[in-house]
Protein chains: 2
Amino acid sequence: MESVFHKVDCLHCRLSALCLPYGLRPDEISRLENIVQRKRPIKADDYLYRQEDQCLSLFAVKSGSFRSFISNADGNEQTVGFYLPGELMGLDSFKNGRFHCSVVALETSTVCELPLSRLNELSNKIPNLQAQLLRIVGTQIVSDHDKIVLLGNRSATEKMATFLLMLSQRYSALGFSSTEFNLTMHRHDIANFLGLTIETVSRQLSVLSKKGVITVKQRGVQINNLDSLKTIVEPCLPNSFKFVS
Amino acid sequence: MESVFHKVDCLHCRLSALCLPYGLRPDEISRLENIVQRKRPIKADDYLYRQEDQCLSLFAVKSGSFRSFISNADGNEQTVGFYLPGELMGLDSFKNGRFHCSVVALETSTVCELPLSRLNELSNKIPNLQAQLLRIVGTQIVSDHDKIVLLGNRSATEKMATFLLMLSQRYSALGFSSTEFNLTMHRHDIANFLGLTIETVSRQLSVLSKKGVITVKQRGVQINNLDSLKTIVEPCLPNSFKFVS
DNA sequence: CGCTCCCTTGAATGAGTTCAAGGCGCGTGG
DNA sequence: CCACGCGCCTTGAACTCATTCAAGGGAGCG
């Protein structure tokens, strides 16, 4: 029988090393596949879910990118993070079963849906899955802490350079170029995420551009001198942090 | 046989509703108790653990308070959070088995140590424990996101008011006064946590003091007008947020 | 008593914001 | 195919809030 959902194949998914199947044996992966649902693509600016919605599933990014944000009483938003392929969205719902962020697609994107009821069931049976889930949760916490450090005491220049380098590294981990990629989010989103204004972001990009460190063409960014960026960022990084060279 | 460790009694611990035993049956709690170790008190400024240390145990605050922070390459620190009784420290180690923050005591404090090996073992056997661990992890993520929102686009006044209100609520949840408590951390720590300078923190406290909203005596703070604080903070809060009145 | 540490207060400075205008790319419609 | 208009981004100039620099107060302790 034809399903409205596409066939799910975690075993051969190039993202599996970054995603939930990591560390699982092939037979365990196939059990995981059985509970995963692939939905139709989500268009740019469409919501994946909204703050306060009941969480029935976690979502892994299959392709594209997403932005998560928290809306405040005064109508403002604070962007909390950007999600790239292989990353898991909805972990904040573990607190009380509701999402604490809204998530929208930045471009046409697809997700793998993981129904919580079945995921819980399965992770009780597969210790490796349980372990990987906790690893992912720990990764989320560490990355949130890095954001706190970034927002805490850093200049606009440092914030901008860090932002570019983080994207560079994440794309690189996905097998994409670390020196040439698109900023799928708007300048507004970058600014909001970094605790800056859109004008400041624009100016910082200009400065880096004029120095020849990067080349900006609309949404496309090319990093001409990774080392310059690293030099800007280095003093702000945790002692533990090591750039992949 | 006398142990160097004190007798652990989660069942009658007044913190159990906030801590790991929450949601467990009495028999499950007693199994948890068996793996918990109480160590001798930690003095102010002593490290509980250091960034990069291998994580063999999680720690729950039994009494006192702690500060967690990340050290950067340039020798600066960024305070990431403050821990009060009932809260679990070390969750960031789930990423790769190492702590990503350092934690020091702000005053003489005690902790309950939860050896990871035995905790993992036990949580595989007790689904309720597993569930509560995920709830706590989710709570940590949500609270980190709240910090990101706070640091992102808020004025010094809003940051300061939010900080005081958050403490007020956390103390209140612990059964302490919500209007009178000590700031166990230094001004420097508050400033660093909020992404401000120590002078700005001092000035903000003075302003609130002169308005009569709070009374500050050294480390002691008395909130004279909770509503004024809430009025300052309200526009910055997630839509979902409701103050306990 | 004198020292130190921590905090407060004042005045000058400056990084980033705000306000304002203009440019560029792109889709739509003439 | 070009003109127009819109959304998004860039740039400039004035301003502002927090920082920086500097000095002083006060609690705690030897």
Side-chain angles (χ1 to χ4, degrees), chain A residues 43-45 67 74 76-79 104 106-107 150-164 182-211 213-222 232 235-236, chain B residues 43-45 67 74 76-79 104 106-108 150-164 182-211 213-222 232 236:
Chain A
K43 288 194 299 260
D45 297 328
R67 174 174 79 92
D74 58 3
N76 289 331
E77 294 176 358
Q78 171 68 43
T79 295
V104 300
L106 293 171
E107 56 193 312
L150 183 61
L151 287 170
N153 281 302
R154 297 300 157 191
S155 70
T157 309
E158 289 168 337
K159 285 178 176 179
M160 201 62 232
T162 306
F163 180 72
L164 291 172
N182 283 323
L183 301 172
T184 58
M185 64 295 289
H186 293 181
R187 298 287 189 273
H188 173 84
D189 300 330
I190 301 175
N192 185 259
F193 176 68
L194 293 176
L196 300 170
T197 59
I198 187 173
E199 293 94 333
T200 303
V201 166
S202 190
R203 275 186 257 271
Q204 292 301 326
L205 287 174
S206 297
V207 169
L208 289 172
S209 216
K210 271 166 200 154
K211 280 193 199 158
V213 177
I214 61 173
T215 308
V216 185
K217 251 189 208 151
Q218 300 289 109
R219 299 196 150 188
V221 172
Q222 185 179 338
I232 298 172
C236 332
Chain B
K43 288 194 299 259
D45 296 327
R67 175 175 79 92
D74 59 2
N76 289 331
E77 294 175 356
Q78 170 68 45
T79 295
V104 299
L106 293 170
E107 57 194 310
T108 302
L150 183 61
L151 288 170
N153 282 301
R154 297 301 159 191
S155 69
T157 310
E158 289 167 337
K159 286 177 175 179
M160 200 63 232
T162 306
F163 180 73
L164 291 173
N182 283 324
L183 302 172
T184 58
M185 65 294 292
H186 293 180
R187 298 287 190 273
H188 173 86
D189 299 330
I190 300 174
N192 185 259
F193 176 68
L194 294 175
L196 301 170
T197 58
I198 186 173
E199 293 95 331
T200 302
V201 166
S202 191
R203 275 186 256 271
Q204 292 300 327
L205 286 174
S206 297
V207 169
L208 289 173
S209 214
K210 270 165 200 155
K211 280 192 198 158
V213 178
I214 60 173
T215 307
V216 186
K217 249 188 211 156
Q218 298 290 111
R219 299 196 151 188
V221 172
Q222 186 179 336
I232 297 172
C236 331

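By convention in this document, chain letters (A, B, ...) are assigned in the order of the sequence lines, proteins followed by strands, and residues within each chain are numbered from 1. The model shown is predicted, which means the values in this text are computed figures rather than measured ones.
Looking at the side chain of A:Leu196, the nearest of the listed nucleotides D:dA18, C:dG16, D:dT11 is C:dG16. Here the nucleotide nearest the side chain of A:Glu199, chosen from C:dC7, C:dT18, D:dA18, is C:dT18. The side chain of A:Ser206 approaches D:dT10 more closely than any other nucleotide in the set D:dT10, C:dC7, D:dC9. Taking the side chain of A:Ser155 as heavy atoms from C-beta on, and the options C:dT8, C:dG16, D:dT11, the nearest nucleotide is C:dG16. Among the nucleotides D:dC9, D:dT19, D:dT11, the one closest to the side chain of B:Thr197 is D:dT19. Distance from the side chain of A:Ser202 is smallest to D:dC9 among C:dC7, D:dC9, C:dT18. Relative to the side chain of B:Arg203, the nucleotides C:dC7, D:dC8, C:dT9 differ in distance, and C:dT9 lies closest. Set against C:dA20, D:dC9, C:dC7, the side chain of B:Arg187 has C:dC7 as its closest nucleotide.
Screening residues 183-197 of chain B for salt bridge (charged side-chain N to carboxylate O under 4.0 Å, His left out), with sequence neighbours left out, gives B:Arg67-B:Asp189.
Here the CG-CD distance, from A:Leu151 to B:Gln78, works out to 9.0 Å after rounding to the nearest 0.5 Å. The distance from the CD1 atom of A:Ile190 to the CZ atom of A:Phe163 is 4.5 Å, given to the nearest 0.5 Å. A distance of 12.0 Å separates OG of A:Ser202 from CG of A:Leu196, quoted to the nearest 0.5 Å.
Between A:Gly195 and B:His188, the residue whose closest nucleotide on DNA chain C is further toward the 5' end is B:His188.
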Subject >> Stepwise side-chain contact (heavy atoms from CB on, under 4.5 Å) check, B:Gln204 with B:Leu208 >> reply: CA-CA 6 Å; B:Gln204 292 300 327; B:Leu208 289 173; 5.6 Å; no
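A:Arg219 contributes no side-chain N or O that forms a donor-acceptor pair with the base of C:dG25 under 3.5 Å.
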N/O contacts under 3.5 Å, protein versus nucleotides 25-30 of chain D?
none

Show me the side-chain donor-acceptor pairs of residues 213-222 of chain B shorter than 3.5 Å, one per line, residues at least two apart or across chains.
residue: B:Thr215; atom: OG1; partner: B:Asn224; partner atom: ND2; Å: 2.8
residue: B:Arg219; atom: NH1; partner: B:Thr184; partner atom: O; Å: 3.2
residue: B:Arg219; atom: NH2; partner: B:His186; partner atom: NE2; Å: 2.6

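Remark: B:Thr200 is in phosphate contact with D:dT19, judged by side-chain N or O atoms under 4.0 Å from OP1 or OP2.
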